[in-house]
Amino acid sequence: MALPEKSGPRTNEDINVPQVRLIGADGSQIGVVTIQSALNAAEDSGLDLVEISPNADPPVCKILDYGKFKYEAQKKANEARKRQKTFDVKEIKMRPNIDDHDYDTKMKAMSKFLGEGDKVKVTIRFRGRELAHPEIGRKLLERIRDDSDEVAKIESMPKMEGRQMIMVVAPK
């Protein structure tokens, strides 16, 4: 029965090469030594021998506390995940002949979404005879672009997709 593959760098007896380039616990270069003398040095200091760079010739190993090493790596990964920015795409739907008050309400919602760092997909839906006048929808999208110019940039220009005209706006 085969042992399961261990993730992460090889440690102590898992390192199976004749010679390694050894770095001490304090970060000092010890030099190229046999694997047995490297294991003995790690055992004498009460720490682990960890393979840092397995592809080097000879592989680079360092004497350190492996538990602490894993903990620090996990902490770095968590920090990187926290700093990662995710974008949601919110959608605002309008009709070509929208009234001024309704337009203001939609723009208020759009500026709130942009303020939170989300992208906004503005959809203008055409019904019936409205489809014969796409220039009205284009004018409305240009008005939206002009009104949100200070806080947003156009990510995709207005384009027709079937019965609707779509434009994507992203925060600056």
**Request:** Please list, chain by chain and in numerical order, all residues satisfying salt bridge (charged side-chain N to carboxylate O under 4.0 Å, His left out) with Arg83, sequence neighbours excluded.
**Result:** Glu79
**Request:** For Glu150, check salt bridge (charged side-chain N to carboxylate O under 4.0 Å, His left out) against everything at least two apart and list the hits.
**Result:** none
Close side-chain approach of [X] and [Y], heavy atoms under 4.5 Å:
| X | Y | value |
| --- | --- | --- |
| Met110 | Val122 | yes |
| Glu91 | Val120 | no |
| Ile98 | Leu140 | yes |
| Cys61 | Arg21 | no |
| Pro134 | Met165 | yes |

**side-chain hydrogen bond (donor to acceptor under 3.5 Å, both in side chains) pairs, two or more places apart, involving residues 42-60** = Arg10-Glu51, Asn12-Asp48
**Asked** Which ILVMFWY residues can you reach from Leu47 by hopping between side chains whose heavy atoms are under 4.5 Å apart?
**Response** Ile15, Val17, Val20, Leu22, Ile30, Val33, Ile35, Leu39, Leu49, Ile63
Gap between atom [atom2] of [Y] and atom [atom1] of [X] - 0.5 Å precision:
| X | Y | atom1 | atom2 | value |
| --- | --- | --- | --- | --- |
| Glu72 | Asp65 | CD | CG | 10.0 Å |
| Lys153 | Ser148 | NZ | OG | 12.0 Å |
| Lys90 | Lys121 | NZ | NZ | 14.0 Å |

Tell me whether [X] shares a hydrophobic cluster with [Y], the cluster being built from Ile, Leu, Val, Met, Phe, Trp, Tyr side chains joined at under 4.5 Å.
| X | Y | value |
| --- | --- | --- |
| Ile92 | Val151 | yes |
| Leu141 | Val89 | no |
| Met167 | Tyr103 | yes |
| Met160 | Met157 | yes |

How far apart are the closest heavy atoms of [X] and [Y], and which atoms are they?
| X | Y | value |
| --- | --- | --- |
| Asp26 | Ser28 | OD1-OG, 2.8 Å |
| Glu161 | Lys159 | OE2-CE, 3.4 Å |
| Phe126 | Gln164 | CD1-CA, 4.2 Å |
| Leu114 | Ala152 | CD1-CB, 3.5 Å |
| Phe69 | Pro9 | CE2-CG, 3.7 Å |

**Item:** salt bridge (Lys or Arg N to Asp or Glu O under 4.0 Å): pairs with one or both residues in residues 92-115, sequence neighbours excluded
**Value:** Arg95-Glu130, Asp100-Arg143
**Message:** Check whether Lys62 reaches the backbone of Ile52 with its side chain - one donor and one acceptor, N or O, closer than 3.5 Å.
**Reply:** no
**Message:** Using the side-chain hydrogen bond (donor to acceptor under 3.5 Å, both in side chains) criterion, which residues pair with Glu155? Sequence neighbours excluded.
**Reply:** Lys119
**Prompt:** Taking everything shown except Lys75 itself, do over 12 heavy atoms lie less than 6.0 Å from its NZ?
**Reply:** no
